[in-house]
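Encoded as structure tokens, the structure appears first; notes follow it.
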Amino acid sequence: MRILIVGGGGREHAIAWKCAQSPIQPTLFVAPGNAGTAALGENVPIQATDIDGLVAWVRGNAIDLTVVAQDDPLALGAVDALQSCGLTAFGPTQAAAKLEWSKVWSKDFMQRHGLPTADFAVFDERSAAAAYLEQTQLPIVLKPDGLTAGKGVFVCATREEALQALDTIMESRAFGESGDRIVIEECLRGTEISVFAFADGTHITPLATACDYKRAFDGDAGPNTGGMGGYSPAPFVDPETLDYIHHEIMERTITLMAQEGHPYVGVLYGQLMLTNDGPRIVEFNVRLGDPEAQLILPRLQADLVTVFQAAVDGRLDEADVTWDPAATCGVVAASGGYPGAYTTGYPIAGLDALDDDALLFHAGTDRVDDTVVTAGGRVLIAVGRAANVPTARQRAYDNIARITFENAYYRKDIAAREV
């Protein structure tokens, strides 16, 4: 079996790593991949957003399954383009992926179906949004409508912060066309978790939970990033709450999407806030998270290739998907300056100094001659595995400390509240 994984970050390395363990023994390709995926298969020099290039390459290279793992190509209709040529792809169609690529559409979907979420308002003019901010209750959350690589959420405690965020989105155009419209919503209070399920349009698998850390610096300070680390599972989620999330949020969303004519096949990722009034949806994503994929896939007690096949065939109800109760914790090593400007091309040392049971997933890396060098903002994530989160955390930190490159930094408080 020949599989193409679309994307080039830590998530895609984790997917390739898990697929490589399949008894099917697939031949793996990753577009564009990184230095880590190159050790598991062949990197293909096509950008994830080059839909025509991807389709042509898949057609010309006898690919049996394409896994579209990244949000941008899903929003651009990569799955639709592949399917229109009779090719098999795992991931939601462009219409189904609107759950993520348009926060306005997603919030409207939740509202019209009574799914539990924060109150919100939508604006396409700065003046109207600014007037609303002058009289709304604080704190408040601002989000551009479109994709922002996880960096577009502004939680504002003062009106000055809110107006500055509004200018960043709609005047400075920090997120380009994604900021043509803006969602301003109630700030939910509670504990945030991420939940994941594979879906085949009708059925979903048991849920995996995780907690990630978006802010750049310790103490949740600094700007939002794509994620600086996390842990799985979330040990504070009781079975009754998880059952409610499964049936009333995740499974119901799949049912409603089918009823609206957008059957959802892929990974459904819910970012939820556990409030005093029960779980509330912060937002949906339409693929595995990054770094959450690196945390939950080591806990997946199933052949990932078989799960992908069952999903695209509409028979996930026949798949035996369970999650190892053991814990994982991951810590991201990032380039100094990220999520702002940073320099790449620095050699990475210590890659051969890790414990045998530690996992290291590449994100922003490349190989120049025989040297692995930095090639992105988030560079690597070290993942520890153990019976509980505190022990997994210690193993992750023991190993990330052995990785060095110029201007590297990482948070020191990932999973600290679980110790």
Side-chain angles (χ1 to χ4, degrees), residues 3-21 28-41 43-44 47-49 54 65-75 78-79 89-92 97 100-101 147-151 194-199 208-214 225-232 266-271 284-300 304-305 307-308 311 328-334 338-339 359-366 375-383 396:
I3 298 175
L4 172 68
I5 300 165
V6 178
R11 166 183 48 230
E12 290 74 31
H13 187 191
I15 292 170
W17 169 82
K18 192 66 177 180
C19 286
Q21 300 170 28
L28 299 176
F29 304 88
V30 188
N34 57 45
T37 60
L40 298 168
N43 285 348
V44 179
Q47 291 303 306
T49 53
L54 289 169
L65 172 66
T66 301
V67 179
V68 185
Q70 191 172 306
D71 51 1
D72 291 336
L74 290 169
V79 169
F90 174 85
E100 178 173 5
W101 63 259
L147 298 176
T148 61
K151 304 168 191 173
S194 300
V195 294
F196 300 86
F198 297 97
T209 64
C211 295
D212 77 325
Y213 292 71
K214 289 293 186 188
T225 71
M228 294 298 293
Y231 60 92
S232 177
V267 175
L268 183 61
Y269 164 10
Q271 295 185 37
F284 284 118
N285 294 323
V286 298
R287 33 67 193 184
L288 283 168
D290 187 343
E292 293 91 343
Q294 300 93 300
L295 306 175
I296 69 170
L297 289 180
R299 298 183 51 238
L300 176 62
L304 184 57
V305 175
V307 173
F308 287 151
T328 56
C329 179
V331 180
V332 170
Y338 173 80
L359 298 173
L360 186 70
F361 295 111
H362 291 234
T365 66
D366 196 4
R378 291 184 297 169
V379 178
L380 301 155
I381 179 170
V383 177

Legend entry - Inter-residue atom distance Ser194.OG - Leu295.CG, 0.5 Å rounding: 9.5 Å
Inset, instruction - Decide yes or no on side-chain contact (heavy atoms from CB on, under 4.5 Å) for Trp17 and Leu40, but give the supporting numbers first. - result: CA-CA 7 Å; Trp17 169 82; Leu40 298 168; 4.0 Å; yes
Legend entry - Closest heavy-atom pair and its distance - Ala375, Thr365: CB-C, 3.7 Å
Legend entry - Distance-minimising heavy-atom pair for Ser232 and Thr209: OG-O, 2.6 Å
Legend entry - Separation of Asp212 CG from Glu292 CD (nearest 0.5 Å): 4.0 Å
Inset, instruction - Please answer whether the main-chain N or O of Met228 pairs with a side-chain N or O of Lys214 as donor and acceptor at a distance below 3.5 Å. - result: no
Legend entry - Side-chain heavy-atom pair Phe196, Val267 within 4.5 angstrom cut-off: yes
Inset, instruction - Check ring-ring contact (aromatic ring centres under 6.0 Å, His included) between Phe284 and all other residues, then give those that pass, not counting sequence neighbours. - result: none
Legend entry - Sole residue of Thr66, Val6, Val68 in side chain to side chain contact (heavy atoms under 4.5 Å, CB included) with Val79: Val68
Inset, instruction - Mark yes or no for whether Asn34, through its side chain, and His362, through its backbone, hold a donor-acceptor pair below 3.5 Å. - result: yes
Legend entry - Counterpart residues, salt bridge (charged side-chain N to carboxylate O under 4.0 Å, His left out), relative to Lys18 (two or more places apart): none
Inset, instruction - To the nearest 0.5 Å, tell me how far Leu74 CG sits from Thr49 OG1. - result: 12.0 Å
Inset, instruction - Name the orientation class of the two ring planes belonging to His13 and Phe361 (parallel below 30°, tilted from 30 to 60°, perpendicular beyond 60°). - result: perpendicular
Legend entry - Flag, side chain of Asn285 to backbone of Glu100, donor-acceptor distance under 3.5 Å: no
Legend entry - Heavy-atom side-chain proximity of Thr328 to Arg299 below 4.5 angstrom: yes
Inset, instruction - Can you establish whether the number of heavy atoms outside Gln47 located under 6.0 Å from its atom CD is more than 12? - result: no
Inset, instruction - Identify the heavy atoms of Arg287 and Arg11 that sit nearest to each other, and give their distance. - result: NH1-NH1, 3.5 Å
Legend entry - Interatomic spacing from CG in Leu297 to CD1 in Ile15 - rounded to 0.5 Å: 6.5 Å
Legend entry - Pro73 to Ala48 - nearest heavy-atom pair and separation: CB-O, 3.1 Å
Inset, instruction - Of all the heavy-atom pairs spanning Asp290 and Gly10, show the shortest one and how long it is. - result: OD2-N, 3.4 Å
Inset, instruction - Classify the ring geometry between Phe90 and Phe198 as parallel (under 30°), tilted (30 to 60°) or perpendicular (over 60°). - result: tilted
Inset, instruction - Check the pair Thr225, Arg378 against side-chain hydrogen bond (donor to acceptor under 3.5 Å, both in side chains), reporting the backbone distance first and the verdict last. - result: CA-CA 9 Å; Thr225 71; Arg378 291 184 297 169; 5.8 Å; no
Legend entry - Taking every non-hydrogen atom, the tightest pair across Pro92 and Gly266: CD-CA, 4.3 Å
